[in-house]
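The block underneath contains the structure these notes are about, expressed in structure tokens.
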Amino acid sequence: LELTARRRDGIDLTVEVRVREGRIEGEQRFLITVRDNTARRLEQIALKDANLRAARLLMVAADAIITIDADHNIVFFNPAAEQMFGYPADDVIGRPLGMLIPAGHHGGHDAHVAAFRQSKAASRLMSERAEVVGQRRDGSVFPVEATITRVSAGGVLTFTAQLRDVTQRNQ
């Protein structure tokens, strides 16, 4: 159980209480342990706050941010990605990334992701190796500047791309 305890000096703290039943010389006994969880609780609050800040930044970022899983299915699609590609997030989450890449570029893109997966680098500018293009919902193709980051957390591998439409800059 996680409970709030009050110390002798009146300060409240979060504690973990465990009760274990046992027998000593044939008589039933209970061993009760109480552990101060204040530090762990503060770490959990700090982690939750950091996650909330990161999530809010991703949602208001001017660049499109798309995360895919190891099978290349989209798992995150921020509002800037919705605007850039013309799809609401609900229409792309769980679907293959290939829907956002022109058909003639699928093989090359898959090969680049596979090579990046094996590399030692955690991030890289994708545009250094080849032209990167996206395909909007209406079928139009446009150039993008892209940075990709690989993250493996809890045994789950993801790739996150930060994309910027460079059509105007190129013109």
Side-chain angles (χ1 to χ4, degrees), residues 1-97 99-100 112-128 132 134 144-165:
L1 300 173
E2 190 168 287
L3 302 172
T4 301
R6 180 163 292 133
R7 295 187 335 194
R8 199 178 271 175
D9 61 7
I11 295 175
D12 288 344
L13 55 110
T14 303
V15 296
E16 181 179 281
V17 178
R18 293 183 181 191
V19 179
R20 184 173 180 171
E21 181 182 4
R23 296 206 171 270
I24 299 176
E25 296 179 4
E27 292 189 37
Q28 182 181 28
R29 300 283 187 230
F30 295 93
L31 173 63
I32 301 171
T33 57
V34 179
R35 179 183 305 164
D36 181 353
N37 277 345
T38 303
R40 185 176 66 122
R41 187 81 166 136
L42 291 173
E43 287 174 3
Q44 288 173 337
I45 291 169
L47 180 61
K48 183 179 178 183
D49 289 347
N51 285 338
L52 180 60
R53 279 191 301 277
R56 286 185 178 163
L57 285 171
L58 292 171
M59 296 308 284
V60 299
D63 290 337
I65 299 175
I66 301 170
T67 300
I68 61 169
D69 62 19
D71 296 323
H72 297 209
N73 293 315
I74 300 167
V75 297
F76 179 79
F77 201 75
N78 77 339
E82 291 179 322
Q83 185 175 10
M84 182 182 289
F85 288 93
Y87 290 98
D90 289 344
D91 287 359
V92 299
I93 300 295
R95 298 199 44 210
L97 179 65
M99 69 184 289
L100 305 176
H112 287 298
V113 173
F116 178 61
R117 181 184 208 156
Q118 300 303 318
S119 77
K120 294 186 187 280
S123 297
R124 79 164 191 225
L125 185 62
M126 292 167 58
S127 307
E128 291 174 344
V132 180
V144 296
E145 181 177 85
T147 302
I148 186 169
T149 301
R150 179 186 61 237
V151 175
S152 182
V156 176
L157 178 64
T158 59
F159 299 92
T160 298
Q162 178 182 344
L163 307 165
R164 184 171 296 156
D165 183 339

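The structure presented is a predicted model; accordingly, all values stated were derived computationally and were not measured. Position 1 is the first residue of the sequence; numbering continues from there.
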Requested in this report: Return the set of residues passing side chain to side chain donor-acceptor pair (under 3.5 Å) with Arg29 (not counting sequence neighbours), or none when no residue passes.
Outcome: Glu27

Query raised in the report: Which atom names give the shortest non-hydrogen contact between Ile74 and Val92, and what distance separates them?
Result: CB-O, 3.6 Å

Report summary line: Those residues at least two apart in sequence (or on a different chain) that pass side-chain contact (heavy atoms from CB on, under 4.5 Å) with Leu157 are Ala70, Arg117, Arg150, Ser152, Phe159

**Report entry** Pairs involving residues 55-68, ordered by first then second residue, that meet side-chain hydrogen bond (donor to acceptor under 3.5 Å, both in side chains) (sequence neighbours left out)
**Finding:** Asp63-Gln162, Asp63-Arg164, Thr67-Thr160

**Report entry** Within 6.0 angstrom of Arg23 CZ, more than 12 heavy atoms from elsewhere
**Finding:** yes

Query raised in the report: For Leu42, what residues pass the side-chain contact (heavy atoms from CB on, under 4.5 Å) criterion, not counting sequence neighbours?
Result: Thr38

Query - Stepwise side-chain contact (heavy atoms from CB on, under 4.5 Å) test for Ile32 and Val17 - result: CA-CA 7 Å; Ile32 301 171; Val17 178; 4.1 Å; yes

Query raised in the report: Once you round to the nearest 0.5 Å, how far does CD of Glu145 lie from CG of Asp165?
Result: 10.5 Å

Query raised in the report: Between atom CD1 of Ile24 and atom CG of Leu31, what is the distance when rounded to the nearest 0.5 Å?
Result: 8.5 Å

Query raised in the report: Taking all atoms of both residues into account, what is the closest heavy-atom pair of Ala81 and Ile66, and its distance?
Result: CB-CG1, 3.9 Å

Requested in this report: Provide the closest heavy-atom pair for Val132 versus Ala146 in the form atom of the first, atom of the second, distance.
Outcome: CG1-CB, 4.2 Å

Report summary line: CG of Leu52 to CG of Leu57, rounded to nearest 0.5 Å, is 9.5 Å

Query raised in the report: Could you state the interatomic distance from CZ (Arg7) to CG (Asp36), rounded to the nearest 0.5 Å?
Result: 8.0 Å

Query raised in the report: In chain order, what residues pass the ring-ring contact (aromatic ring centres under 6.0 Å, His included) check against Phe85, with sequence neighbours excluded?
Result: Phe142

Report task. To the nearest 0.5 Å, tell me how far Leu58 CG sits from Ile65 CD1. Result -> 4.5 Å

Report task. Not counting sequence neighbours, which residues clear salt bridge (charged side-chain N to carboxylate O under 4.0 Å, His left out) with Asp91? List them please. Result -> Arg137

Query raised in the report: Arg35: what forms a side-chain contact (heavy atoms from CB on, under 4.5 Å) with it, not counting sequence neighbours?
Result: Glu16, Asn37

Requested in this report: For Glu25, enumerate each residue passing the salt bridge (charged side-chain N to carboxylate O under 4.0 Å, His left out) test, keeping only those at least two apart in sequence or located in another chain.
Outcome: none

Report summary line: Nearest heavy-atom contact between Ala62 and Ala80 is O-CB, 3.5 Å

Requested in this report: Just jot down the salt bridge (charged side-chain N to carboxylate O under 4.0 Å, His left out) partners of Arg53, sequence neighbours excluded, or say none.
Outcome: none

Report task. Under the salt bridge (charged side-chain N to carboxylate O under 4.0 Å, His left out) rule, collect the residues that match up with Glu2, sequence neighbours excluded. Result -> Arg40, Arg41

Report summary line: Quick note, side-chain hydrogen bond (donor to acceptor under 3.5 Å, both in side chains) partners involving residues 80-90, not counting sequence neighbours, are none

Report summary line: So ring pair (Phe, Tyr, Trp, His ring centres under 6.0 Å) across residues 31-84, not counting sequence neighbours, yields none

